[in-house]
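By convention in this document, chain letters (A, B, ...) are assigned in the order of the sequence lines, proteins followed by strands, and residues within each chain are numbered from 1.
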Amino acid sequence: MSVAMAKDLLFETAEYQARIAKVREEMDKRGIDLMVTHWAQNIFYLTGHYTFAISNYQCALIPRTGEPIVIVRDLEAGNSRTRAWVKDENIVTWEDTDDPVAVTLQVLEERGLSTGRIGLEENSFYLSSRNAGRLRAELPQADVVDAGGVIEMVRRVKSPQEIEYIRKACDTTAAGMAAAMAEIQVGRTENDVAAAAFSGMVRAGSEFLTNDPIVTSGPRSGIPHTTFHRRVLEQGDAVLLEFGGAYNRYMGPLMRWAIIGPPSETQQKWSDLCLEALANAIDAVKPGVTTGDVDDACRTTFERAGLYEYYKKRTGYSVGIGFPPGWVEGAVMSVQQYGDVVLQPGMTFHMPPAMRMPGEFAVGFSETVVVTETGCEVLSSFPREMVIR
Amino acid sequence: MSMAETGIGKELYFSLEEYQTRLAGLRTRMAGQDIDTLLVTTPENVYWLTGYQTIGYSSYQCVVVGMEGDPLIVVRLLEEGIARRTAWTDNFLTYADGTDPVTATVKAIGQLGLSNPRVGVEEAAWFLTVRNYRKLTEALGTLHDGSGLVEDGRKIKSAQEIEYIRLAARTTEAGMEAAAQAARPGVSENDIAAAAFDAMTRAGSEYMAIDPIVTSGPRSGIAHSTYLRRTIEPGDAILLEFGGCWHRYFGPIMRTVLVGDVPSEAERMTQVCIDALNAAIEAIKPGVTSHIADKAARDVIDEFGFTDNYRKRLGYSVGVGFAPDWGEGHIIHLNENDPMILEPGMVFHMPPALRRYGQWGVGMSETVLVTETGCEVLTGFRREAIRA
């Protein structure tokens, strides 16, 4: 590779170093000498490296001193060299004919990192049991421990730059929501609506999504986790929409619903109830309260109305960095009953209260919010109301 | 009202006979490894065996396959509605949020009534966390690695699966045509990606495993880069790779747009990719090895002196996919020194691509089917550089 490409860093090197310093504080508390992270989100957070091809083995090593080391497939070398703030010597690649776990072990050995207490993230979607077992078995000198959640502790509070990226992501989502709403009419398909949403978001600057726009309509909308499947929209259909635009890998999700024709009495009532629950949640968000307090504010709205059984979920979850298959920072924290995380300025959440009549319809609203010094700021900028088409 | 009481209709995309055939084949392979209870957690495998599909597949899900009877699907309570709608069996065990899915799985295994089951787990799977794997070990004792048992059945596609790949390819072609129309100086990479997604999805594609890949100019010379708001300029190469989806099956295509006058080496590389792809298509037939197919393309690239600009395998199996990947390269692929013998019904995506690092990248692909006598190209888009 004779031509050096300029670095394309999304944060100041000082910000990466500050994050790593905080991770090292957490490592110190646990006596961990080396973190080995296999979460795409954490690799990105600490080194800047990212790719859409996260089904290939990749990891980052965070030692007690010095730069992190990124281990990626050879095909990803270009991405790493432009996106990771570390020196080229700290980007190690494996070829398609190599065994990536063996390469990782070799790097640990060569750099004197194969002893001491090593933290593996055993909650990672991208660390297989087989690879974890091999790393444990082939590091006999080390005390390998489960350190899932250590880096996520640091990710809980976003920096001003991170919040700015989430804000920009929210703007792309709003553009997609406007385009999707305009597309909804009898005779169009769920796919047409999803196409409009994607186009609206991506033309407004969104990057590759963590999951494609969620569009579900009519009876299928009453089934959780359905999405567009070529269904033709009919008079009287409820259409549930949930998208997350991405900006510099930060996500800004948003949920809204629309109805083709006038809503039924139940739909109107449920829609109002979801709005009330969301408003109650937003009002509850401020420094010092717990995630459980926020969930109480939202959940009891449904309980007071005697309609909890149509809701039955948590209030929300942390949002920030997103990679497929989802924008949920579930490993960072949830807003759920009995949640004991104390809110601090800079935490960001997506809160989507929704109600479903099984097999008939769904209604819901959400906002992406940030905890401020004094309360809560809504980062999304789309009218919070039922849309009648 | 529970999901079970709503009378939600089924959405089945394969016949019950086909699912039973898949299950019977799996049981034969399980017996071959002396496994009588297999825990299937890979999203693609769960879908292939049961039909159950959800966008919530990052939550714990597990199909417990014994040696007889319907498989038992362990799913999150929130998933029950879509599981009942999409799976051919109604044999479910749900777990509520806040309860331990491994406990539910152990209970499900207990329902098989085996006194001393030999349990297989997909140890190579993503999404099954090490924590849950450990809990399974603690509850069940020694586990056996059942990775690949389901995948072995996915290597050869049925007529219905091939039909869905064809339908997926039609949507990919619509996206490629829209991108070809959209690409010109002054528009952004994002505009082209939006045009591609829009056309694929309006043509019927379902949610994708990878959003349209669009990378241009110097960044196209970086592998696995994609749209990032760059404005197209004269002289750019634009690398496009899309995979439309039909019932979770994929038919990907890669093409290259050359904008105005591009460096002569970029032109030459584009032609070499076409020649390499043609050579591979010529070489593919039942009985030849993966190595031979790979070599057919590699020889062309080597002959023109672009070995260092290539450095990858020729291609990989495609079929069922969920994000983050549409490929089945971990099951079978076309690679150097690979002795795997091609059989009718195998489907591969073959994207020979050449890069001049930080300057340009070009490539050309087709999704192909190994037939009884040779090779059928399932994707249908003009196999030449797109001029803009």
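With a threshold of 4.5 angstrom between heavy atoms, Ile192(B) does not approach chain A through any atom at all. Of the atoms belonging to Arg188(A), not a single heavy atom falls under 4.5 Å from chain B. With a threshold of 4.5 angstrom between heavy atoms, Arg134(A) does not approach chain B through any atom at all. Only the side chain of Gln53(B) comes within contact range of chain A, with heavy atoms under 4.5 Å apart. Heavy atoms of Ala199(B) lying under 4.5 Å from chain A are absent altogether. With a 4.5 Å cut-off on non-hydrogen atoms, Gln337(A) does not touch chain B at all. Both the backbone and the side chain of Thr226(A) come within less than 4.5 Å of a heavy atom of chain B. Neither the backbone nor the side chain of Ala40(A) comes within less than 4.5 Å of any heavy atom of chain B. Interface remark: Phe323(A) contributes no atoms to any contact with chain B (heavy atom separation under 4.5 Å). If you measure heavy-atom distances from Ser225(B) to chain A, the contacts under 4.5 Å come from both the backbone and the side chain. Residue Ile210(B) touches chain A through its side chain alone, counting heavy-atom pairs closer than 4.5 Å. With a threshold of 4.5 angstrom between heavy atoms, Asp97(B) does not approach chain A through any atom at all. Interface remark: Ile214(A) contributes side-chain atoms only to the contact with chain B (heavy atom separation under 4.5 Å). There is no contact between Glu122(B) and chain A, counting heavy-atom distances below 4.5 Å. Using a 4.5 Å cut-off between heavy atoms, Arg230(A) contacts chain B through its side chain alone, with no backbone atom that close.
Contact count versus chain A (heavy atoms, under 4.5 Å) is highest, among Arg355(B), Arg219(B), Glu11(B), His333(B), for Glu11(B). Chosen from Ala194(B), Ala196(B), Ala209(B), the residue pairing most often with chain A at heavy-atom distances under 4.5 Å is Ala194(B). Chain A forms more heavy-atom pairs under 4.5 Å with one residue of Ala323(B), Pro212(B), Gly56(B) than with any other, namely Gly56(B). Taking Pro324(A), Ser199(A), Gly133(A), Gly200(A) one by one and counting their heavy-atom pairs under 4.5 Å with chain B, the maximum is reached by Ser199(A). Put simply, of Glu183(A), Lys313(A), Met201(A), the one with the most heavy-atom pairs under 4.5 Å next to chain B is Glu183(A). For the set Asp96(A), Asn123(A), Val193(A), Thr97(A), the count of heavy-atom pairs under 4.5 angstrom toward chain B peaks at Asn123(A). Between chain B and the options Gly205(A), Ala132(A), Ala196(A), Ala53(A), heavy-atom pairs under 4.5 Å are most frequent for Gly205(A). Contact tally against chain A (heavy-atom pairs below 4.5 Å) for Glu123(B), Glu189(B), Arg229(B): the top residue is Arg229(B). Considering only heavy-atom pairs separated by less than 4.5 Å from chain B, the leading option among Pro213(A), Gly330(A), Ala204(A), Gly148(A) is Gly148(A). Of the listed residues (Asp146(A), Asn211(A), Ile54(A), Thr210(A)), the greatest number of heavy-atom pairs within a distance under 4.5 Å of chain B belongs to Asp146(A). Between chain A and the options Ala203(B), Ser205(B), Pro43(B), Ala125(B), the largest number of non-hydrogen pairs under 4.5 Å is found for Ser205(B).
Distance check: Ile223(A) CD1 to Arg85(B) CZ gives 5.0 Å after rounding to the nearest 0.5 Å. Atoms OG and CZ, from Ser55(A) and Phe322(B) in turn, are 14.5 Å apart once rounded to the nearest 0.5 Å. For the atom pair CE of Met200(B) and CG of Asp212(A), the computed distance is 9.0 Å after rounding to the nearest 0.5 Å. Rounding to the nearest 0.5 Å gives a distance of 9.5 Å between NZ of Lys312(A) and CG of Leu78(B). Between the NE2 atom of His224(B) and the CG atom of Asn56(A) there is a distance of 6.5 Å, given to the nearest 0.5 Å. From Glu121(A), atom CD reaches atom CZ of Arg131(B) across 9.0 Å, with rounding to the nearest 0.5 Å.
Note: Phe197(B) and Phe198(A) have parallel aromatic rings, judged against thresholds of 30 and 60 degrees for the angle between ring planes. Using a 30° and 60° split on the angle between ring planes, Trp126(B) and Tyr126(A) fall in the perpendicular class, above 60°.
A salt bridge links Arg130(A) to Asp145(B): at least one charged side-chain nitrogen sits closer than 4.0 Å to a carboxylate oxygen.
Of the possible polar contacts, one joining the Asn190(B) side chain to the Ser206(A) backbone as a donor-acceptor pair under 3.5 Å is found.
Closest of all the heavy-atom pairs between Arg81(A) and Tyr357(B) is CB-OH, 3.9 Å. Among all heavy-atom pairs drawn from Thr129(B) and Glu122(A), the shortest one is CB-O, 3.5 Å.
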Give the intermediate values and the outcome of side-chain contact (heavy atoms from CB on, under 4.5 Å) for residues Leu120(A) and Val130(B).
CA-CA 10 Å; Leu120(A) 267 191; Val130(B) 179; over 6 Å; no

